[in-house]
Amino acid sequence: MNTLIVVVGPTGIGKSKISIRLAKHYHSEIISADSRQLYRELCIGTAVPSQEELETVPHHFIQTKSIQDYYNVSDYEVEALTLINHLFTFKNPLVLTGGSMLYVDTVCKGIDDIPTVDPEIREEVVDWYRNNGLEALRERLRLIDPEYYRIADLNNPKRLLHAVEIHQMTGTPISAFRKNTVKERPFRMIKIGINQDRKILYDRINSRVEQMMDAGLLDEVRSVYPYRNLNSLNTVGYKELFAYFDGACSLDEAVDLIKRNSRKYARKQLTWYRRDADIKWFEPDQVQKIIEFTDQILKADG
RNA sequence: GGGGAGAUACCAAAGUGGCCAACUGGGGCAGACUGUAACUCUGCUGGCGUACGCCUUCGUAGGUUCGAAUCCUGCUCUCCCCA
């Protein structure tokens with residue numbers, strides 16, 4: 001039976017190392033589910049695996065796009081599934097790992113088919129929102145899509161904007177596209193969660209930020225500073241240093257902020273994964289146990 | 001040594017007699033999440049309790065008052081200016 005081993009956990013916990021161990025053990029390959037390691041211009045700040053690590057095991061979806069490319073979860077779903085199904089023709093199991101919760105989930109459960117919004121439409125709607133405000137945006141949504149209005153997070157402009165954009169572009173309310181069903185996948189999944197004591201995790205995150213700085217993060221961020229408004233650069237590790245380049249804060253303050261925002265991100269990831277009952281949790285140093293666990297399941301089908 | 005300012009919850013910072021368990025921001029904790037998701041948004045944050053509520057807080061010890069974080073006095077500490 002084709003099996004996808006899914007490794008999740010908070011940033012800085014050591015998913016990459018464990019995934020590489022697993023992939024080596026099974027002579028397999030790694031599919032990355034990371035919305036920022038996707039960009040070739042970003043490396044240090046997104047903690048892309050080292051050149052050496054990348055050479056040990058084939059990796060996919062690492063630094064294959066440009067920060068200037070438009071890319072979204074749905075694109076990823078299509079590309080990742082195509083690749084996974086292809087790889088399964090000669091390798092099994094495969095390892096999926098990454099910190100982007102929605103990316104992982106989209107491989108595991110799928111995402112509804114909703115059209116991609118044209119940039120012009122997006123700009124038009126965003127402008128309208130800037131001029132009219134949140135209250136007006138809500139009202140506009142209520143009129144065009146009362147069904148979505150009922151369940152929407154009315155304080156969240158981004159979500160409301162998207163719903164309005166979809167209607168503006170297609171003439172169809174977003175609720176008509178939302179099926180919210182879990183797609184069947186032609187392979188089995190084993191979900192492995194990595195976590196450890198919060199205090200230790202925070203220490204690891206903090207020191208990893210220091211290491212990134214030592215590795216030249218400042219120069220990396222400087223090199224993409226001209227593109228700072230791109231969404232792909234609305235990213236922890238970059239936005240804080242942009243603020244430093246702007247003169248809005250000191251370098252020390254920016255680095256502290258990176259640490260703090262990384263910790264917040266880790267917490268958010270844990271919140272997301274906590275509700276997934278299919279995940280079997282381990283500590284970062286339990287690679288042996290993880291392998292025993294996956295071996296046991298894989299051998300069960302003989 | 002003289003003069004001035006101040007001590008508020010984890011931090012910063014409002015409050016200057018009752019509407020104060022105490023604004024707000026940060027941090028922390030918890031949660032939501034269907035299209036650029038490392039995004040965006042929400043709740044809680046003195047203790048106990050599901051809750052009406054009860055108990056203990058605003059440097060410290062007293063005092064005034066029906067009532068004090070807020071007024072008065074002593075003490076401790078911090079900061080600034082002049083010597």
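Here is how names work: the chains are called A, B, and so on, in the same order as the sequence lines, proteins then strands, and each is numbered from 1. Since this is a predicted model, take the numbers as computed values, not measurements.
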Colleague: Return the value, rounded to whole Å, for the distance between atom NZ of A:Lys158 and atom P of B:U40.
Modeller: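 Those two atoms, NZ and P, are 6 Å apart.
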Colleague: Is atom NZ of A:Lys183 surrounded by more than 12 heavy atoms (other residues, nucleotides or ligands) closer than 6.0 Å?
Modeller: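 Result for NZ/A:Lys183: enclosed.
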Colleague: To the closest 0.5 Å, what do you measure between CG (A:Leu102) and CD (A:Glu77)?
Modeller: 10.0 Å
Colleague: On RNA chain B, compare the nucleotides closest to A:Leu257 and A:Val117; which residue's is nearer the 5' end?
Modeller: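 Nearest nucleotide further toward 5': that of A:Leu257.
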Colleague: Quick one: is B:A37 close enough that its OP1 or OP2 comes under 4.0 Å of any side-chain N or O from A:Arg36?
Modeller: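 True: A:Arg36 side-chain N/O within range (under 4.0 Å) of B:A37 OP1/OP2.
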Colleague: Mind checking A:Ser175 for me? I need base, sugar-phosphate or nothing, with any heavy atom below 4.0 Å counting as a touch.
Modeller: nothing
Colleague: For B:C66, which nucleotide is its Watson-Crick or G-U wobble mate, given both distances must be under 3.5 Å?
Modeller: B:G18
Colleague: Rounded to whole angstrom, note down the C1' distance from B:G74 over to B:U45.
Modeller: 37 Å
Colleague: Could you tell me the Watson-Crick or G-U partner of B:A12, where both distances fall under 3.5 Å? Say none if there is no partner.
Modeller: B:U24
Colleague: From the list B:C41, B:G35, B:G26, which nucleotide is the closest neighbour of the side chain of A:Val73?
Modeller: B:G35
Colleague: Check A:Val107, A:Leu81, A:Leu96, A:Val6 against A:Ile31 for a side-chain contact (heavy atoms from CB on, under 4.5 Å) and give me the one that passes.
Modeller: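 Result: among A:Val107, A:Leu81, A:Leu96, A:Val6, A:Leu96 is the only option passing the side-chain contact (heavy atoms from CB on, under 4.5 Å) with A:Ile31.
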Colleague: To the nearest 0.5 Å, how far apart are CD in A:Glu55 and CD in A:Glu53?
Modeller: 11.0 Å
Colleague: Can you measure A:Arg263 atom CZ to B:G26 atom P for me and round it to whole angstrom units?
Modeller: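 Answer to the nearest Å: 15 Å.
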Colleague: Is any N or O donor-acceptor pair between the side chain of A:Arg275 and the base of B:C33 shorter than 3.5 Å?
Modeller: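 Looking at the base of B:C33, it does not pair with any donor or acceptor on the side chain of A:Arg275 (distance under 3.5 Å).
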Colleague: Across the strands shown, which category fits A:Asn234 at heavy-atom distances under 4.0 angstrom: base, sugar-phosphate, nothing?
Modeller: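 Here A:Asn234 touches the backbone only, sparing every base.
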Colleague: With a 3.5 angstrom cut-off on both distances, give the Watson-Crick or G-U wobble partner of B:A5, or none if there isn't one.
Modeller: B:U78
Colleague: Quantified in whole Å, what is the P atom distance between nucleotide B:U16 and nucleotide B:G6?
Modeller: 14 Å
Colleague: Side-chain N or O of A:Thr271 less than 4.0 angstrom from OP1 or OP2 on B:G31?
Modeller: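 Result: yes.
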Colleague: With sugar-phosphate meaning primed atoms plus P, OP1 and OP2, does A:Thr106 contact a base, only sugar-phosphate, or nothing at under 4.0 Å between heavy atoms?
Modeller: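 Nothing, no nucleic acid heavy atom in range.
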Colleague: So, taking the atom named CZ in A:Arg36 and the one named CD1 in A:Ile67, what distance separates them when rounded to the nearest 0.5 Å?
Modeller: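 Nearest 0.5 Å value for the CZ-CD1 distance: 11.0 Å.
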Colleague: Less than 4.0 angstrom between a side-chain N/O of A:Arg198 and OP1 or OP2 of B:A30, yes or no?
Modeller: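 It does, given that an N or O in the side chain of A:Arg198 lies less than 4.0 Å from OP1 or OP2 of B:A30.
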Colleague: What nucleic acid atoms does A:Tyr70 come within less than 4.0 Å of, heavy atoms only: base, sugar-phosphate, or nothing?
Modeller: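 Contact class for A:Tyr70: base.
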Colleague: How close or far is atom P of B:G31 from atom CG of A:Asp153, stated in whole angstroms?
Modeller: 17 Å
Colleague: Can you tell me the base-pairing partner of B:A83? Count Watson-Crick or G-U wobble geometry only, both distances below 3.5 Å, and say none if there is no partner.
Modeller: none
Colleague: Looking for any heavy atom pair under 4.0 Å, which part of the strands does A:Gly237 touch: base, sugar-phosphate only, or nothing?
Modeller: nothing
Colleague: More than 12 heavy atoms of other residues, nucleotides or ligands under 6.0 Å from CD of A:Glu123: is that the case?
Modeller: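 Open: at most 12 neighbouring heavy atoms sit under 6.0 Å from CD of A:Glu123.
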Colleague: To the nearest Å, give me how far apart OH (A:Tyr265) and P (B:U40) are.
Modeller: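 Interatomic distance, OH of A:Tyr265 to P of B:U40: 13 Å.
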Colleague: May I have the distance from A:Asn261 (atom CG) to B:U40 (atom P), rounded to whole angstrom?
Modeller: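 Rounding to the nearest Å, CG of A:Asn261 and P of B:U40 are 10 Å apart.
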Colleague: When the P atoms of B:C11 and B:U60 are compared, how many Å lie between them, rounded to an integer?
Modeller: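 Pairwise P distance, B:U60 against B:C11, rounds to 14 Å.
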Colleague: Could you tell me how far B:G46 sits from B:U8 if I compare only their C1' atoms? Round to whole Å.
Modeller: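 Rounded to whole Å, the distance is 13 Å.
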Colleague: Measuring only the P atom in each nucleotide, how far is B:G62 from B:U56? A whole number of Å is fine.
Modeller: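 15 Å, rounded to whole Å.
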Colleague: For nucleotides B:G59 and B:U40, find the distance between their C1' atoms and express it as a whole number of Å.
Modeller: 43 Å
Colleague: Check the distance between B:U40's C1' and A:Asn72's CG and give it to me in whole angstrom.
Modeller: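 The answer, rounded to whole Å, is 16 Å.
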Colleague: For B:C52, what is the paired nucleotide under Watson-Crick or G-U wobble rules, both distances under 3.5 Å?
Modeller: none
Colleague: Is A:Asp105 touching bases, backbone alone, or none of the nucleic acid, heavy atoms closer than 4.0 Å?
Modeller: nothing
Colleague: Give a yes or no on whether the ring-centroid distance for A:Phe61 and A:Tyr76 is below 6.0 angstrom.
Modeller: yes
Colleague: Mind checking A:Arg260 for me? I need base, sugar-phosphate or nothing, with any heavy atom below 4.0 Å counting as a touch.
Modeller: sugar-phosphate
Colleague: Does OP1 or OP2 of B:G27 have a side-chain N or O of A:Tyr202 closer than 4.0 Å?
Modeller: no
Colleague: Please give, in whole Å, the distance from B:G27 C1' to A:Lys259 NZ?
Modeller: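 A:Lys259 atom NZ is separated from B:G27 atom C1' by 15 Å.
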Colleague: Provide the distance between the two C1' atoms, one in B:C23 and one in B:C58, to the nearest whole Å.
Modeller: 14 Å
Colleague: Using a cut-off of 4.0 Å on non-hydrogen atoms, how would the nucleic acid contact of A:Asp256 be classed: base, sugar-phosphate, or nothing?
Modeller: nothing
Colleague: Give one of base, sugar-phosphate or nothing for A:Tyr103, where a contact means two heavy atoms less than 4.0 Å apart.
Modeller: sugar-phosphate
Colleague: Testing the 3.5 Å rule here: is there a donor-acceptor pair between the side chains of A:Asp295 and A:Tyr26?
Modeller: yes
Colleague: What's the closest nucleotide to the side chain of A:Lys264 if the choices are B:G28, B:G35, B:C39?
Modeller: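 In terms of side-chain proximity for A:Lys264, the closest of B:G28, B:G35, B:C39 is B:G28.
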Colleague: Could you measure between the two C1' atoms, the one in B:C80 and the one in B:C75, and give it in whole Å?
Modeller: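 Approximately 22 Å lies between the C1' atom of B:C80 and that of B:C75.
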Colleague: A:Arg267 side chain N/O closer than 4.0 Å to the phosphate oxygens (OP1, OP2) of B:G28?
Modeller: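 Checking A:Arg267 against B:G28: at least one side-chain N or O falls below 4.0 Å of OP1 or OP2.
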Colleague: Would A:Lys280 and A:Phe293 count as a cation-pi pair here, with the cationic atom under 6.0 angstrom from the ring centre and within 45° of the axis?
Modeller: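 Yes.
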Colleague: Quick check on RNA chain B: between A:Ala47 and A:Ile114, whose nearest nucleotide comes earlier from the 5' end?
Modeller: A:Ile114
Colleague: Quick one: A:Leu160 CG to B:U42 P, roughly how many Å, whole number?
Modeller: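 Going from A:Leu160 (CG) to B:U42 (P), I get 11 Å.
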Colleague: Contact class for A:Ser74 vs. all strands (heavy atom < 4.0 Å): base, sugar-phosphate, or nothing?
Modeller: base
Colleague: Would you say B:A32 has OP1 or OP2 under 4.0 Å from some side-chain N or O of A:Lys268?
Modeller: no
Colleague: Does B:U40 have a Watson-Crick or wobble mate here (both distances under 3.5 Å), and if so which one?
Modeller: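 Across all strands, the one nucleotide that pairs with B:U40 is B:A32.
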